[in-house]
Structures are given as C-alpha cells and as structure tokens.
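Note that this is a predicted model, so its numbers are computed, not measured.
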Amino acid sequence: YRDVPIQFLGEESLDENELAILDISAETLNVTVTGTRANVSRLRPGDITASVSLEEAAKGENQLRVNIRVPDNVEIEDKSLNKVTVTVENKVSKEIDILPQYEGVFSTDQEPITVELSRSKVTVTGAQSLVEQVDHASALVKEGEVTDRLKTIACKLEPVDKRGEMIERVKLSAGSVQVTAELGMAK
C-alpha cells in the first residue's frame, strides 16, 4: 500500500511547551502486507494506519518511531521507513496585515477596488523560522467574483512570504475574511 498518511499525535504537548514543528522528513510511507489472498484483497485504504507520537519531541531534531496498525487478519511484511525526523523550534506569534489578491484579467479601463475588509490584521503562529518568513496574509478573491456592483466576498486567508509563496505549517488566528469590493475605473 503506497502513500499511507502518517498521523502526528500529541501536538498539544508541543503547544504546552511553547514549541512548534518546523519540518518533518516524511508524511507518508509504503507498507507491504501478507495474508490470505481474500484478506489482503478486502483491505481498504483506511485499514492500514501509521502514526507518530510527538509527546517526547523536544527542541531540535527528533528521530521518532512510526507505529503501523493493520487488521488482525494480515501481517506487515515490509515498510518503507521505521522512523521520521521531526524538527521542532520555539513557537512564536506575530500580527500581520491582510492584503486582498485579485485573480483574473481585468480590462485596461477597469480595476478591482477594495472598499472594506472585515478585519485588517490576523495573528500567525508557528515555528520561529517559519513565522519570520511570513510577510502577510493573502485574501484570494477568485476570478469573476468582483463586478461593477459592490459585493462582499468570503475569502480564504493564506500566510505568504514577500514573493506571495504560501508558507506551510503555520496557523492563522482566522481562516477567512470578508472582502467588500467592486470594479472601478482605472486611473
């Protein structure tokens, strides 16, 4: 079975110690099972689970054992990895601006105008070196959402760096924002 997702359990214990995950060496693994043809053919993707406990993780690099569970009627013959490296850092937070980003092509004489945001700032939390990379939260307004009539659009927020690339493994204090916008005449 290929690409069995690894669940990371006990992230609360990191939170309690003001720690956060910076990096994980693998988030999936492959598992080979053995058993009768009937039992193996009856397996469903969710029947094989893999997990890693973060309870013992400390600041720095941690080699943590992957626990694999399979139904009683089959056995694990082989697995692509036994341990994963989880890198942990101090957890920090900072307040960042929310900037609307408009998708699509607009005519030369029209441009989207942001009239109002339901909130202008959001807090980003995570591993220190990841939070330091976050420049702002992007509120993506999909193509066709903005018209020449004033409209309020619910937009998903994503933490991004200065280049607009999304930063993974950080949390925002809000997942969305209401953007009120309309098409106006370009200056």
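Under the side-chain hydrogen bond (donor to acceptor under 3.5 Å, both in side chains) criterion, Asp72 pairs with no residue at all, not counting sequence neighbours. Qualifying salt bridge (charged side-chain N to carboxylate O under 4.0 Å, His left out) partners for Lys94, counting only residues two or more places apart in sequence or in other chains: none. For Thr85, the side-chain hydrogen bond (donor to acceptor under 3.5 Å, both in side chains) criterion is met by Gln63, not counting sequence neighbours. Remark: Glu89 pairs with no residue by the salt bridge (charged side-chain N to carboxylate O under 4.0 Å, His left out) rule, at least two apart or across chains. Under the rule for a side-chain hydrogen bond (donor to acceptor under 3.5 Å, both in side chains), the partners of Glu132 that lie at least two apart in sequence or sit in another chain are Gln128. Annotation: side-chain hydrogen bond (donor to acceptor under 3.5 Å, both in side chains) contacts of Glu27 (sequence neighbours excluded): Arg169.
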>> Is there a side chain to side chain contact (heavy atoms under 4.5 Å, CB included) between Val134 and Asp161? Walk through the geometry before answering.
In response: CA-CA 5 Å; Val134 178; Asp161 62 15; over 6 Å; no
>> Applying side-chain hydrogen bond (donor to acceptor under 3.5 Å, both in side chains) to Arg69 and Asn67, what does each step give before you reach the verdict?
In response: CA-CA 7 Å; Arg69 286 217 152 126; Asn67 300 305; over 6 Å; no
>> Apply side chain to side chain contact (heavy atoms under 4.5 Å, CB included) to residues Val74 and Thr34 and explain how you reach the verdict.
In response: CA-CA 6 Å; Val74 296; Thr34 183; over 6 Å; no
>> Could you go through Leu9 and Val52, starting from their C-alpha distance and side-chain angles, then the distance that decides it, and tell me whether this counts as side chain to side chain contact (heavy atoms under 4.5 Å, CB included)?
In response: CA-CA 6 Å; Leu9 309 173; Val52 170; over 6 Å; no
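Applying the salt bridge (charged side-chain N to carboxylate O under 4.0 Å, His left out) definition to pairs two or more places apart or across chains, those involving residues 143-153 are Glu145-Lys151. Applying the side-chain hydrogen bond (donor to acceptor under 3.5 Å, both in side chains) test to residues at least two apart or on different chains, the pairs with a partner in residues 5-16 are Asp15-Lys91. For residues 38-55, every residue pair satisfying the side-chain hydrogen bond (donor to acceptor under 3.5 Å, both in side chains) rule, not counting sequence neighbours, is listed here: Thr36-Asn39, Asn39-Arg42, Asn39-Asn73. Counting only residues at least two apart or in different chains, side-chain hydrogen bond (donor to acceptor under 3.5 Å, both in side chains) contacts with residues 114-123 comprise Asp97-Lys121, Tyr102-Thr114. Counting only residues at least two apart or in different chains, side-chain hydrogen bond (donor to acceptor under 3.5 Å, both in side chains) contacts with residues 171-185 comprise Thr152-Thr180.
Taking hydrophobic clusters as Ile, Leu, Val, Met, Phe, Trp and Tyr residues chained together by side-chain heavy-atom distances below 4.5 Å, Val86 shares a cluster with Val4. No continuous path of hydrophobic side-chain contacts links Leu22 to Phe8 [ILVMFWY only; heavy atoms under 4.5 Å]. With hydrophobic clusters built from ILVMFWY side chains whose heavy atoms lie under 4.5 angstrom apart, Leu99 does not share a cluster with Ile113. Connection of Val70 to Leu43 is established within a shared hydrophobic cluster, with ILVMFWY side chains joined at heavy-atom distances below 4.5 Å, either directly or through further cluster members.
Taking each heavy atom of Lys79 and Leu29 in turn, the nearest pair found is CB-CD1, 4.2 Å. When all heavy atoms of Val141 and Cys155 are compared, the pair lying nearest together is CG2-SG, 3.6 Å.
Under a 4.5 Å side-chain heavy-atom cut-off, the cluster of Ile, Leu, Val, Met, Phe, Trp and Tyr residues that includes Val115 is completed by Leu150.
A distance-only check finds a donor-acceptor pair linking the side chain of Ser80 to the backbone of Asn30 [under 3.5 Å]. Judged by distance alone, the side chain of Asp23 and the main-chain N or O of Ile21 form no donor-acceptor pair under 3.5 Å.
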